[in-house]
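FYI, side chains are in, hydrogens and waters are out, and symmetry mates aren't considered; it's all heavy atoms of this structure. Residue numbers start at 1 and run along the sequence shown.
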Amino acid sequence: MRIISKEMKRRARIALEGNYFPAVSLTISLTLFTFALTLLLQSSGLNLSVSPLNQALYWILYLITLLLGALFETGLIRFLYSLSRKEPLRESGLLFYAFRNQPDTYILTYAFRYLIMLIWFAPALYFYMRLPLVIDLTAIPADLPRNVGLMLLLAAAAVIPAALCSLPYCLATYVLLDHPNLSASDALRASRRLMKGQYGRVLLLWIGFLPLCLLGLGSLGLGFLWIHPYFHTAMAQVYLELRGIEPEGD
């Protein structure tokens, strides 16, 4: 199977045609949930504490926050995957799908993938944690420009290795959606088998979304409400292509 970036995007746009409103609505709900969790964690002030115990607790809670956000995101991915298979869902509470269907399996799957990336982003996260929640423009901390600069530099340096390490496991969620009784390790292995020989082509697909991400940043993040479902629908098309699955309506 050959994964062609333009073709995957074209199929994604066709799948989303006429369905952008529910997709964007779910993305907004997902964003609000994750933002609320992150704000709650940041407001605790644990990341600014000098106590090693508080710092360790912050990292643990940060990972829990990421995993809860991933469980919500699974509901969005399931909706978009169903659109790709031409099986629109009509049930309520779509974002809570993973909470109702073996959440421990999804948690273990995402935990493995996140830990791989966190290894690379840990230096950047260290400086991010040292940024104040609120900045007084009349009294900007002397080390703020340095911390922001180092955070951005380290984050940029981590993007490529983190992406390469996560590529083999990027289809694990779709595997679990098709085979909900699989274990996390089996889903990760299945994703790795499907991705064998496809790393470069899927990486090109990811790189193709970078210009859209820059536009999203230029729109103060609003553009990601459209980009986020577009990306996951394109990845659903990748999974369907590698599995040789034809949409139900075809």
Evaluate the side chain to side chain contact (heavy atoms under 4.5 Å, CB included) criterion for residues H179 and D186: first the C-alpha distance (whole Å), next the side-chain angles of each, then the deciding distance (0.1 Å), finally the verdict. CA-CA 10 Å; H179 306 281; D186 287 340; over 6 Å; no
Is the shortest side-chain N to carboxylate O distance from E17 to R13 below 4.0 Å?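 Salt bridge flag = no for R13 with E17.
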To the nearest 0.5 angstrom, please state how far the [atom1] atom of [X] sits from the [atom2] atom of [Y].
X	Y	atom1	atom2	answer
L16	L80	CG	CG	6.5 Å
I77	L95	CD1	CG	11.0 Å
R201	M8	CZ	CE	11.0 Å
F224	L215	CZ	CG	9.0 Å

So do [Y] and [X] actually touch side chain to side chain, heavy atoms under 4.5 Å?
X	Y	value
Y81	L240	yes
T109	Y169	no
L204	I4	no
F35	L39	yes
M235	V202	yes
L71	L67	no
L26	L94	yes
L68	F33	no

Option from E73, H232, H228 for which side chain to side chain contact (heavy atoms under 4.5 Å, CB included) with T27 holds: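 That would be H228; it is the only one of E73, H232, H228 passing the side chain to side chain contact (heavy atoms under 4.5 Å, CB included) with T27.
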Given Y106 and L177, is the side chain to side chain contact (heavy atoms under 4.5 Å, CB included) satisfied, shown in steps? CA-CA 10 Å; Y106 285 99; L177 291 177; 3.6 Å; yes
Least distance between heavy atoms, [X] atom then [Y] atom:
X	Y	answer
R113	C170	NH2-CA, 3.9 Å
F72	L30	CB-CD1, 3.5 Å
P168	C165	CD-O, 3.4 Å
Q237	A12	CG-N, 3.9 Å
T65	L37	CG2-CB, 3.7 Å
A190	V175	CB-CG1, 3.9 Å

For the pair S84 and Y239, evaluate side chain to side chain contact (heavy atoms under 4.5 Å, CB included) and give the outcome as yes or no after the intermediate values. CA-CA 10 Å; S84 298; Y239 174 75; over 6 Å; no
Is atom CG of L210 surrounded by more than 12 heavy atoms (other residues, nucleotides or ligands) closer than 6.0 Å?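 Yes.
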Heavy-atom count check: over 12 atoms from other residues, nucleotides or ligands less than 6.0 Å from I160 CD1?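 Open.
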So, S82 and E87: side-chain donor and acceptor under 3.5 Å apart, yes or no?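 Checked: S82/E87 side chains show no N/O donor-acceptor pair below 3.5 Å.
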For Y58 and Q42, test the side chains for any donor-to-acceptor distance below 3.5 angstrom and give the result as yes or no.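 On atom types as modelled, these side chains qualify, holding a pair under 3.5 Å.
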Do the ring planes of Y114 and Y110 sit parallel (below 30°), tilted (30 to 60°) or perpendicular (above 60°)?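 Y114 vs Y110 ring planes: tilted.
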Any link between [X] and [Y] through a network of hydrophobic side chains (Ile, Leu, Val, Met, Phe, Trp, Tyr) touching at under 4.5 Å?
X	Y	answer
I107	F112	no
L176	F96	yes
L182	L108	no

Please answer whether the main-chain N or O of [Y] pairs with a side-chain N or O of [X] as donor and acceptor at a distance below 3.5 Å.
X	Y	value
N101	Y97	yes
S191	A187	no
K9	F231	no
S44	L40	no
R100	G93	yes

Intermediate values then yes/no, side chain to side chain contact (heavy atoms under 4.5 Å, CB included), S25 and I28: CA-CA 5 Å; S25 297; I28 292 173; 5.6 Å; no
